[in-house]
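The structure presented is a predicted model; accordingly, all values stated were derived computationally and were not measured. The first residue of the sequence shown is numbered 1, and numbering continues consecutively from there.
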Amino acid sequence: MLARILAAKPAFPLRIESEGEFLRNTPPVHFARILVAKPVPNFAEHALMEIIWKGIVGGLMTAAIVWLSKRGNTLPGILPLFPTFALIALLVVGAKNDNAGFREACVAGAKTIPAYLAFLGVCYFTIGRLDYRVALLGGLATWLIVALAIFLALRSA
């Protein structure tokens, strides 16, 4: 019977462990041996699904911004405030079941708010004098400088 169970191909991979923890202090039963089978997670499939899911969410947000930009200028400016990337990052961190790590990720995200405001400020004030692409590059450079300054200053304190 046991040989037939082990010979059958399961729907998911199994790791066979002999004598589970609950059997260590029990007397042996003649020649019978209890085997504990546990599913082995397929990490490659899980990682691939996470990447696909993130791509779908990012694509939907991009499509929403493009669609809303055809209807006006205010909504496309507000939509990036939706915490898409923060949501994805916190889902990944939260899946680790580490409350301290989750809180740390929340605090790190909150620390980038001044950098985002600096990015928007540079874009707002340079658009009249520079091409919009140069304004965006300047905003990105400012965001990077402010974000690095925030994290390096807090790290040395």
Could you tell me the separation between the CG atom of L144 and the CG atom of L148, rounded to the nearest 0.5 Å?
4.5 Å

Do N97 and F102 come within less than 4.5 Å of each other through their side chains, counting heavy atoms only?
no

Evaluate side chain to side chain contact (heavy atoms under 4.5 Å, CB included) for Y116 paired with V146, printing each intermediate quantity in order.
CA-CA 9 Å; Y116 182 66; V146 172; over 6 Å; no

Answer yes or no: does atom CZ of F151 have more than 12 heavy-atom neighbours from other residues, nucleotides or ligands under 6.0 Å?
yes

Rounded to the nearest 0.5 Å, what's the gap from CG on L140 to CD1 on I145? Could you check?
11.0 Å

Going hydrophobic residue to hydrophobic residue with side-chain gaps under 4.5 angstrom, can you get from I127 over to L136?
yes

Considering only residues two or more places apart or on different chains, which pairs with a residue in residues 130-148 satisfy side-chain hydrogen bond (donor to acceptor under 3.5 Å, both in side chains)?
D131-R133

State yes or no: do L60 and I52 share one hydrophobic cluster built from I, L, V, M, F, W and Y residues joined by side-chain heavy-atom distances below 4.5 Å, directly or via other members?
yes

How far apart are the closest heavy atoms of C123 and G139, and which atoms are they?
SG-CA, 4.1 Å

Between A105 and V93, which heavy-atom pair has the shortest distance, and what is it?
CB-CG2, 4.3 Å

